[in-house]
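None of the values given here were measured: they were computed from a predicted structure. Just so it is clear: chains get the letters A, B, ... in the order the sequence lines come, proteins before strands, and each one is counted from 1.
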Protein chains: 2
Amino acid sequence: MATMQDVARLAQVSVSTVSYVLTGARPISQATRDKVLAAMAELDYQPNAMARGLASRRSRILGLLLPMDERGLGATETAFVTGAAAAASVAGYHLVLSPIGVGDLDELRRLASQRMLDGALLMEVQLHDPRVDVLRELGLPLVLIGRTADTTDLSYVDIDFDQTVEEAVGHLVALGHRRIVYVNHSAGTIAEGYGPATRTRDAFTIAMTGHGLEPLMIPAEDSAAGGRTALATALRQAPDLTAIIAMNENAVFGLLGELGGRGLSVPDDVSVVSMVTSPQVAELATPALTAMNSPGSALGRIAIETLLRHVDNANGEIHQQLLPCALQVRGSSGPPRTGSNTAGNTGADGDEPTVPSTEAARRRAATRRRA
Amino acid sequence: MATMQDVARLAQVSVSTVSYVLTGARPISQATRDKVLAAMAELDYQPNAMARGLASRRSRILGLLLPMDERGLGATETAFVTGAAAAASVAGYHLVLSPIGVGDLDELRRLASQRMLDGALLMEVQLHDPRVDVLRELGLPLVLIGRTADTTDLSYVDIDFDQTVEEAVGHLVALGHRRIVYVNHSAGTIAEGYGPATRTRDAFTIAMTGHGLEPLMIPAEDSAAGGRTALATALRQAPDLTAIIAMNENAVFGLLGELGGRGLSVPDDVSVVSMVTSPQVAELATPALTAMNSPGSALGRIAIETLLRHVDNANGEIHQQLLPCALQVRGSSGPPRTGSNTAGNTGADGDEPTVPSTEAARRRAATRRRA
DNA sequence: ATGAAAGCGCTAACAG
DNA sequence: CTGTTAGCGCTTTCAT
């Protein structure tokens, strides 16, 4: 394993010169640089990460603090992780995933105090997240994925729930739906103030009211069973519902199962739009779910870029950014059976000029099936 | 940030003494140890990871080389990761997840040459995995999750596919099924020699033949659409099939959707058993899937323990271990409609003494729904 | 534009 | 059982 000494000797320069061509921290003549580079290549030199870290007080490691509950990473989170890892790699950093939740504060304190991390990304942020306090106290740069109650002086990236909900509602209203039910996370989760749940709740209320419609909402446990129960409740409270927007990625499957069990067809009897869902999960359902695709990968990239800016610049600009989920129409949404088009659905080809997106979705679904 | 010097001064001992109480590499009198420990606590001392790594030539970081394809981590992989991270943490190590696939050999070489890793776990191992060569060349301890074609001198942990398939088949045969179709990964994947696909194929052949039955197999693309196609093919080739074993976690959802679409009920018309599936995913389906639960967490723990043994003991024992998936009966499997019990299904309570597991499953499912 | 040298904070001989 | 000390391989002043 060649060291910098070896390179310096072979290139006939001092070690500091080698170091400087590596870090670019001071100008080096082209001739010298070439000599050094040649020597490095010759020796297959790779700088020792530990030595570099010790001397520079920079590990070039970023932490991704990710509470892995029993349920594990959904495709959405995975996209985020992948995007973040790629962005870190491009910048010459490594990304350590640490399954550290709000419970493991000591573990977090240890990790951060060991000076092993140059900065951290916090996922699954809670309204009052003690991890934030710990990290700030230790002076570790951090970026939130999500938002705490008070975001003063805190950089974050998050999903733009307002816009996402608005688009989901808009899609269904444009199709002709009037009775739309929103299936949220559980009542407990909402009461806790879980951001995605409360923000979408408020956004749904505003969006529906804006369309002159009643904002019907049902909570659901995060499970298939929760979805089944929620559907039953929804049908009791609004027997005439024609569409459902589901925030709860787990519940939505139970919900679909229960719809099928009751002989209700999707999307003819009930349209379903799933929120913050990855394409992979959306495609698992039959029919594939019209969904608001989470911008996981982009969020990850932006989060890392923001974090690195803080690392390089101890007191850099605070950066707070929201990204909306993009509507992707698939087979689970269509015009209501009894809507503006009272003629009824005689077939998949009943052209409905005002809703071209549904048509497009059908065609896409058909294509997929052939593939 | 207190250093070892500070601790030594406060405790009135030498730095080496402090170091030794930390590493336990040599006996320290109880009195001295207490003094040192007190000083550490007093100063809130945490060893500097970089300095320790440089001096000891040990980063205390293990790499988990995990190709994150577009599909992301399933719950199975997540359980593995969580199990591994926990085991590493217990041993005082950190686990770095690096999304390094067989393509990023340079990235891998860089990571390993920087001496940032003490060892590596390889996931998604291919039959001829170049990553193995790179790591061996660099002398980095490694443990495979899965198996290469030649496993000489290589430690690995993997799923015991033979036993898993045998149990799945046994479960269905015990219920009275005779026409069982195995839905595998795609033909291309099988042709490539992908271990899980070829091993289960062979195991299925043996298991079915052992029961005097014909081993019917259908390949399926890794998607819901693939599952739909596969079901169509299966019904064409074996119109009298009563049960399906699905290796393909993605296809199984399309398969279920298509069954529903054709008016076939699960499990009354067709029983479905999903292979190597996590409980979380199994519960998404309606009815919940009888599945072979992958021992993800245990695999992760054992892999780390094995790896650490290699790290501590450069040329330690090779450890090769297989773990079977455990059968978990849920709602998607039951006796065939036309089977040994020709009386027909008059209800869920038609006691079938030879198949108590199905009864248990029904009761469990009912309980779950109430929860 | 380059070199010399002083550490970074810890471990692990080597001495008692 | 404890102390002394020489590095680990690199970065970064301070010189020139």
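- Annotation: side chain of B/Leu64 is not in contact with side chain of B/Val96 (no heavy-atom distance under 4.5 Å).
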_Footprint string (nucleotides 7-12 of chain D, 5' to 3'): B base within contact, S backbone only, - free, heavy atoms under 4.0 Å_ = BBBBBB
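- Counting to the nearest Å, the P atom of C/dG9 and the CE atom of B/Met40 are 16 Å from each other.
- Across the protein-nucleic acid pair, A/Gln12 atom CD and C/dA1 atom P stand 21 Å apart, rounded to whole Å.
- Atoms CG (A/Asp34) and C1' (C/dA1) sit 15 Å apart, rounded to a whole Å.
- Scanning all heavy atoms of the two residues, the minimum distance from A/Met116 to A/Ile61 falls at O-CB, 3.5 Å.
- If you measure from atom CZ of B/Arg9 to atom C1' of D/dT2, you get 18 Å, rounded to the nearest angstrom.
- Side chains of B/Asp129 and B/Thr148: a donor-acceptor N/O pair is absent below 3.5 angstrom, by distance only.
- In terms of modelled atom types and a separation under 3.5 Å, the side chain of B/Thr151 and the main chain of B/Leu154 share no donor-acceptor contact.
- For the pair B/Ile159/B/Cys325, a side-chain contact is recorded, criterion being any heavy-atom separation below 4.5 Å from C-beta on.
- When all heavy atoms of B/Leu121 and B/Ile304 are compared, the pair lying nearest together is CD2-CD1, 3.7 Å.
- In this structure, the CZ atom of B/Arg58 is 19 Å from the C1' atom of C/dG9, given to the nearest Å.
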